[in-house]
Novice: 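The structure follows.
Quick note: residue numbers are just sequence positions, from 1.
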Amino acid sequence: MDSPRKQSDVAEANILVADDESDVRELICEILADEKYHIASFDPHSSPEDLLHARYDVVILDIFMPKYDGFALHEEVKKHSPHAQFILITAHPEPDLVDRATRLGIYGFLTKPFTAEQIKYTVMGALRMRKLLHNRRKSTDAEATRRVDLVGALQRIDAIINSMGEGLLAVDNDNAIVLMNGVAEKITG
């Protein structure tokens with residue numbers, strides 16, 4: 001399968017994968033290694049906690065782990081990576097967890113078992129969202145800020161849509177694409 005990312009994005013993203021199941025961590029790292037990201041793997045049983053203090057662009061967290069809760073880890077990592085986008089994974093999806101995640105501004109929520117494409121496209125979408133929000137912080141143009149504000153409003157919808165595997169494409173009044181998740185990008189080419 002062809003990589004869903006543009007060549008200019010290669011090796012620019014730092015990603016943390018935290019899960020207490022070594023096979024899940026290894027699978028995610030293997031999937032993302034094909035995309036040439038810089039990947040750190042956090043094992044709550046043996047990894048040093050200073051691994052959580054590095055700067056990351058995207059953080060993939062299991063919700064239920066011994067010693068750590070994904071939401072608590074989110075808060076800890078956010079202290080050192082305030083602009084990171086977070087993706088939560090769980091084998092036990094409960095509506096209150098999804099609601100809590102979206103209220104915290106967490107980008108994505110995936111249910112185990114997930115596919116390689118779901119991981120790739122959710123990470124790609126999270127990186128796109130991070131870039132859009134970064135541009136918003138740098139922007140002084142009122143029109144650009146208005147467009148990016150729409151992206152912020154759609155972030156919660158996008159997180160839900162990404163977890164369902166449906167495509168989402170948002171355009172502004174000038175038909176300029178403001179947001180496209182990975183599934184929509186695959187469909188539109």
Novice: Does F114 have any ring-ring contact (aromatic ring centres under 6.0 Å, His included) partners at least two apart in sequence or in another chain, and if so, which?
Specialist: none

Novice: Locate the shortest heavy-atom distance separating A40 from L51; write the atom from each residue and the value.
Specialist: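 Shortest heavy-atom contact: CB-CD1, 4.0 Å.
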
Novice: Just jot down the side chain to side chain contact (heavy atoms under 4.5 Å, CB included) partners of N14, sequence neighbours excluded, or say none.
Specialist: H38, Y56, D57

Novice: Name the one of D62, D43, D20 that satisfies salt bridge (charged side-chain N to carboxylate O under 4.0 Å, His left out) with R25?
Specialist: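 Exactly one option meets the salt bridge (charged side-chain N to carboxylate O under 4.0 Å, His left out) with R25, and it is D43.
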
Novice: Roughly how far apart are I89 CD1 and I28 CD1, rounded to 0.5 Å?
Specialist: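 Reported value, rounded in 0.5 Å steps: 4.0 Å.
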
Novice: Under the salt bridge (charged side-chain N to carboxylate O under 4.0 Å, His left out) test, which residues partner E30, sequence neighbours left out?
Specialist: none

Novice: Indicate the atoms forming the closest heavy-atom contact of Y107 with T122, along with that distance.
Specialist: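 The pair with the smallest heavy-atom distance is CE2-O, 3.4 Å.
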
Novice: I39: which residues meet the side chain to side chain contact (heavy atoms under 4.5 Å, CB included) condition with it, sequence neighbours left out?
Specialist: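 If we apply the side chain to side chain contact (heavy atoms under 4.5 Å, CB included) test to I39, skipping adjacent residues, the hits are V17, C29, L32, A33, Y37.
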
Novice: Not counting sequence neighbours, which residues clear side chain to side chain contact (heavy atoms under 4.5 Å, CB included) with E94? List them please.
Specialist: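 If we apply the side chain to side chain contact (heavy atoms under 4.5 Å, CB included) test to E94, skipping adjacent residues, the hits are H92, D96, L97.
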
Novice: Please name all residues satisfying side chain to side chain contact (heavy atoms under 4.5 Å, CB included) with E26, sequence neighbours left out, ordered by chain then number.
Specialist: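 E26 satisfies side chain to side chain contact (heavy atoms under 4.5 Å, CB included) with S22 once adjacent residues are dropped.
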
Novice: Does some side-chain heavy atom of E35 sit less than 4.5 Å from a side-chain heavy atom of K120?
Specialist: yes

Novice: Please output the side-chain donor-acceptor pairs of residues 69-78 that fall under 3.5 Å, not counting sequence neighbours, one pair per line with the distance.
Specialist:
from	atom 1	to	atom 2	distance (Å)
D69	OD1	F71	N	2.7
D69	OD1	A72	N	2.9
E76	OE1	K79	NZ	3.3
E76	OE2	H53	NE2	3.0
K78	NZ	P82	O	3.0

Novice: Residues in side chain to side chain donor-acceptor pair (under 3.5 Å) with S81, at least two apart?
Specialist: none

Novice: Return the CE to CD distance between M124 and E117, rounded to the nearest 0.5 Å.
Specialist: 11.0 Å

Novice: How far does CD1 of I63 sit from CZ of R100, to the nearest 0.5 angstrom?
Specialist: 8.5 Å

Novice: Please name the pair of heavy atoms, one in F42 and one in S47, separated by the smallest distance, quoted to 0.1 Å.
Specialist: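 Closest approach of F42 to S47, heavy atoms only: CD1-CB, 3.5 Å.
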
Novice: Would you name the heavy atoms of P44 and M65 that are closest together and state the gap between them?
Specialist: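 Of all heavy-atom pairs spanning P44 and M65, the closest is CG-SD, 3.9 Å.
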
Novice: If you round to the nearest 0.5 Å, how far is OH of Y121 from OG1 of T115?
Specialist: 9.5 Å

Novice: Within the 4.5 Å heavy-atom criterion, are L16 and F86 side-chain neighbours or not?
Specialist: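 With C-beta onward as the side chain, the pair stays apart.
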
Novice: Using salt bridge (Lys or Arg N to Asp or Glu O under 4.0 Å), reason through K67 and E49 one step at a time and then give a plain yes or no.
Specialist: CA-CA 12 Å; K67 185 179 176 183; E49 288 195 21; 3.7 Å; yes

Novice: Which heavy atom in K112 sits nearest to a heavy atom in E21, and how many Å separate them?
Specialist: NZ-OE2, 3.3 Å

Novice: Could you check whether any side-chain heavy atom of L110 comes within less than 4.5 Å of a side-chain heavy atom of L88, counting everything from C-beta outward?
Specialist: no

